[in-house]
Protein chains: 2
Amino acid sequence: MSDTMLHNEVTTDTETQIKLAARKIFLQKGLAGTRLQEIADEAGIGRTALHYYFRSKEKLFAVVWKDFFGELASRMPDLSADNYTIVEKMQLFAGHYIDDAMQKPEVDLFLLNEFNKNPALFQDIQNMLQKDFYQYFKAGIADAVKRGEMKGNPEQIFLTFLSSCMFPFAAMGMIKSLLNLSDEAYLKLMKERKQYLIDFLATAFKG
Amino acid sequence: MSDTMLHNEVTTDTETQIKLAARKIFLQKGLAGTRLQEIADEAGIGRTALHYYFRSKEKLFAVVWKDFFGELASRMPDLSADNYTIVEKMQLFAGHYIDDAMQKPEVDLFLLNEFNKNPALFQDIQNMLQKDFYQYFKAGIADAVKRGEMKGNPEQIFLTFLSSCMFPFAAMGMIKSLLNLSDEAYLKLMKERKQYLIDFLATAFKG
DNA sequence: GTCTATATATGGATAGAC
DNA sequence: GTCTATCCATATATAGAC
């Protein structure tokens with residue numbers, strides 16, 4: 001309680017430790033699968049002390065979820081410049097996405113699960129990147145279709161595009177089993193996938 | 001205990017009821033997320049009575065998992081005939097896959113989760129469809145690449161192919177939120193996707 | 001303000017009633 | 001053979017100790 005501690009706390013204070021621990025466990029196990037005990041152990045704190053800092057498991061999850069989503073914006077490169085074609089923007093996005101996902105491959109399946117179980121979570125982040133992200137690409141794709149540069153329903157094209165980025169990470173466990181890959185071999189495959197996807201996107205939707 | 005009941009039991013006996021209930025709940029919630037109470041309620045039986053029919057939760061899951069996988073073989077059309085090109089085989093598979101997945105769209109995310117959490121589950125079904133399924137398509141794609149009919153790494157092509165079939169169902173919740181779709185609109189989009197994918201696969205990997 | 005002892009609920013499994 | 005009363009472990013949350 002000394003005055004000297006008042007505004008000097010670094011990012012290693014208890015509250016931050018808890019947030020980091022919670023983030024790690026929630027990402028691995030999801031909301032329902034996470035036990036507060038695990039978070040407490042990871043944070044090096046007593047189990048019930050968590051309730052002092054965050055009233056409940058749901059409250060803690062809500063905080064982590066918001067932090068987490070702000071950070072996810074890094075998967076969205078700056079596409080505001082008009083001197084890119086929609087295909088180039090898709091290539092840019094795919095490249096950024098894979099670079100980022102390779103650092104935290106658990107994120108993709110986590111997102112699918114939490115959105116699936118709790119659609120309300122989407123409301124929380126409407127103002128962040130998601131809604132714009134879809135409308136942005138859909139409009140660009142629709143334009144390209146009109147000009148005859150792409151073939152097919154813009155919604156379907158968008159889904160195929162998103163699938164090709166997200167699925168290989170969301171399905172990490174299945175892919176490792178199915179293709180019989182070690183952790184290293186899997187990461188190598190994902191690294192190769194960056195260039196593959198950029199090449200693929202250049203022509204895939206021309207029809 | 002009368003003799004008349006011995007071999008006459010239909011598929012509505014308690015054991016079958018439990019299996020059906022377990023299948024439904026496990027698919028929705030996964031192994032870890034499922035509470036035996038829910039299965040018991042769904043089956044109209046006491047909670048602890050489950051232990052009489054199936055010794056433990058894991059045993060019950062194992063039974064359901066096997067049944068479930070046998071049934072999944074329906075997503076694999078007969079591709080043995082040699083008079084199909086690999087592209088035609090991919091189109092056939094995609095069509096069957098979407099028809100089947102529309103009947104039970106929870107299956108895809110369930111599979112991703114269970115394979116991710118428990119790689120050992122894969123061993124159980126090695127003799128069924130999966131291993132062959134991958135090697136089969138990979139070999140066909142590699143041949144097409146050699147002949148110059150396709151461009152790119154066969155593994156990446158396979159991943160993109162699988163992504164385009166599986167992801168739209170695995171990400172159902174996210175897609176409904178992101179595209180702002182009702183249940184009906186989502187199913188309509190998936191129905192359209194069948195023809196879209198068949199058209200897409202015809203040219204997507206030509207490079 | 002920070003954390004712990006304790007309460008309450010719920011999950012799964014066993015032993016044994018009918 | 002079928003199901004229930006009960007046990008034990010674990011989960012979250014509160015009240016209160018320091």
Side-chain angles (χ1 to χ4, degrees), chain A residues 1-65 113-114 117-118 121, chain B residues 1-65 113-114 117-118 121:
Chain A
M1 301 310 159
S2 69
D3 283 349
T4 60
M5 289 184 65
L6 273 183
H7 289 285
N8 301 358
E9 307 214 275
V10 286
T11 51
T12 54
D13 64 336
T14 306
E15 199 168 317
T16 306
Q17 285 302 110
I18 294 174
K19 277 202 221 175
L20 287 172
R23 180 209 160 87
K24 180 176 172 184
I25 307 296
F26 278 137
L27 273 180
Q28 277 173 23
K29 315 260 176 124
L31 172 56
T34 290
R35 307 288 87 131
L36 291 181
Q37 182 69 65
E38 285 185 275
I39 294 177
D41 291 348
E42 181 77 23
I45 197 182
R47 179 168 54 85
T48 57
L50 288 175
H51 289 278
Y52 166 67
Y53 293 94
F54 307 89
R55 279 192 65 81
S56 72
K57 187 187 182 184
E58 269 67 28
K59 286 259 179 24
L60 176 53
F61 182 81
V63 171
V64 170
W65 175 258
N113 276 316
E114 299 310 321
K117 282 169 198 154
N118 188 0
L121 283 176
Chain B
M1 306 310 160
S2 67
D3 283 350
T4 60
M5 288 182 64
L6 273 182
H7 290 284
N8 300 359
E9 308 214 276
V10 286
T11 50
T12 53
D13 64 337
T14 306
E15 198 169 318
T16 306
Q17 285 302 109
I18 294 174
K19 277 203 223 172
L20 287 172
R23 180 207 160 90
K24 179 177 172 183
I25 307 295
F26 277 137
L27 273 180
Q28 277 172 24
K29 315 258 175 130
L31 172 56
T34 290
R35 307 288 87 131
L36 290 181
Q37 182 69 66
E38 286 185 275
I39 294 177
D41 290 349
E42 180 78 23
I45 197 183
R47 179 168 57 87
T48 57
L50 289 176
H51 289 278
Y52 167 66
Y53 294 94
F54 306 89
R55 281 190 64 83
S56 72
K57 188 187 181 185
E58 270 67 27
K59 285 263 181 22
L60 176 53
F61 183 81
V63 171
V64 170
W65 175 257
N113 277 315
E114 298 311 321
K117 282 169 198 153
N118 188 0
L121 283 176

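Chain A is the first sequence line, chain B the second, and so forth, proteins listed ahead of strands; every chain is numbered from 1. Everything numeric here is computed off the predicted structure, so don't read it as measured data.
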Q. Which of residues 21-34 of chain B have a heavy atom under 4.0 Å from DNA chain C?
A.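 When residues 21-34 of chain B is checked for heavy atoms under 4.0 Å from DNA chain C, the hits, listed by number, are B/Thr34.
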
Q.
What residues from residues 38-45 of chain B pass a heavy-atom cutoff of under 4.0 Å to DNA chain C?
A.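 None - not one residue of the stretch has a heavy atom sitting under 4.0 Å from the strand.
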
Q) Who passes side-chain hydrogen bond (donor to acceptor under 3.5 Å, both in side chains) against A/Lys19, sequence neighbours left out? A)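 Testing A/Lys19 for side-chain hydrogen bond (donor to acceptor under 3.5 Å, both in side chains), a comparison that skips the adjacent residues, returns none.
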
Q: With sequence neighbours left out, write down each residue that passes side-chain hydrogen bond (donor to acceptor under 3.5 Å, both in side chains) with A/Arg35, or none if nothing qualifies.
A: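 Counting only residues at least two positions away or on another chain, A/Arg35 forms no side-chain hydrogen bond (donor to acceptor under 3.5 Å, both in side chains).
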
Q. If you round to the nearest 0.5 Å, how far is CG of B/Asn113 from CG of B/Leu31?
A.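 Interatomic distance, B/Leu31 CG to B/Asn113 CG, rounded to 0.5 Å: 11.0 Å.
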
**Q.** Distance in Å, A/Ile25 CD1 paired with A/Leu20 CG, rounded so as to fall on 0.5 Å steps
**A.**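 Result: 11.5 Å between the selected atoms.
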
Q.
Tell me the bend of the helix from C/dG1-D/dC18 to C/dC18-D/dG1 as the angle between end helix axes, each from five pairs, rounded to the nearest 10 degrees.
A.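 Axis-to-axis angle, ends of the helix: 10°.
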
Anything under 3.5 Å between a protein N or O and an N or O of nucleotides 13-17 of chain D, put it in a table, one pair a line.
unit_1	atom_1	unit_2	atom_2	d
D/dA13	OP2	A/Lys57	N	3.3
D/dA13	N7	A/His51	NE2	3.2

Would you kindly give the [atom1]-to-[atom2] distance between [X] and [N], to the nearest whole Å?
| X | N | atom1 | atom2 | answer |
| --- | --- | --- | --- | --- |
| B/Arg35 | D/dT10 | CZ | C1' | 11 Å |
| A/Tyr53 | C/dT4 | OH | C1' | 13 Å |
| A/Gln37 | D/dA9 | CD | P | 15 Å |

(Q) The test is side chain to side chain contact (heavy atoms under 4.5 Å, CB included); show your working for B/Ile18 and B/Leu60 and say whether it passes. (A) CA-CA 9 Å; B/Ile18 294 174; B/Leu60 176 53; 4.3 Å; yes

Q: Can you see which heavy atom on B/Gly30 is nearest to which on B/Glu114, and at what distance?
A: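 Scanning both residues completely, I find the closest heavy atoms to be CA-OE2, 3.3 Å.
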
Q) According to the ring-ring contact (aromatic ring centres under 6.0 Å, His included) rule, which pairs have a member within residues 16-60 of chain B, sequence neighbours left out? A)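 Found B/Phe26-B/Phe61.
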
Q: Walk me through it: do B/Ile45 and B/Ile39 pass the test side chain to side chain contact (heavy atoms under 4.5 Å, CB included)?
A: CA-CA 9 Å; B/Ile45 197 183; B/Ile39 294 177; over 6 Å; no

**Q.** Pairs where residues 50-59 of chain A contributes a residue and the test salt bridge (Lys or Arg N to Asp or Glu O under 4.0 Å) is met, not counting sequence neighbours
**A.**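 Found none.
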
Q: Sequence neighbours left out, what pairs pass salt bridge (Lys or Arg N to Asp or Glu O under 4.0 Å) with at least one residue falling in residues 20-30 of chain B?
A: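 Residue pairs with at least one partner in residues 20-30 of chain B: B/Arg23-B/Glu71, B/Lys24-B/Glu42, B/Lys29-B/Glu38.
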
Q.
Checking B/Lys117 now: which residues fulfil salt bridge (charged side-chain N to carboxylate O under 4.0 Å, His left out) with it, not counting sequence neighbours?
A.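 Expected list: none.
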
Q. Going through the checks in order, is the side-chain hydrogen bond (donor to acceptor under 3.5 Å, both in side chains) test met by B/Gln37 and B/Asp41?
A. CA-CA 6 Å; B/Gln37 182 69 66; B/Asp41 290 349; 3.0 Å; yes

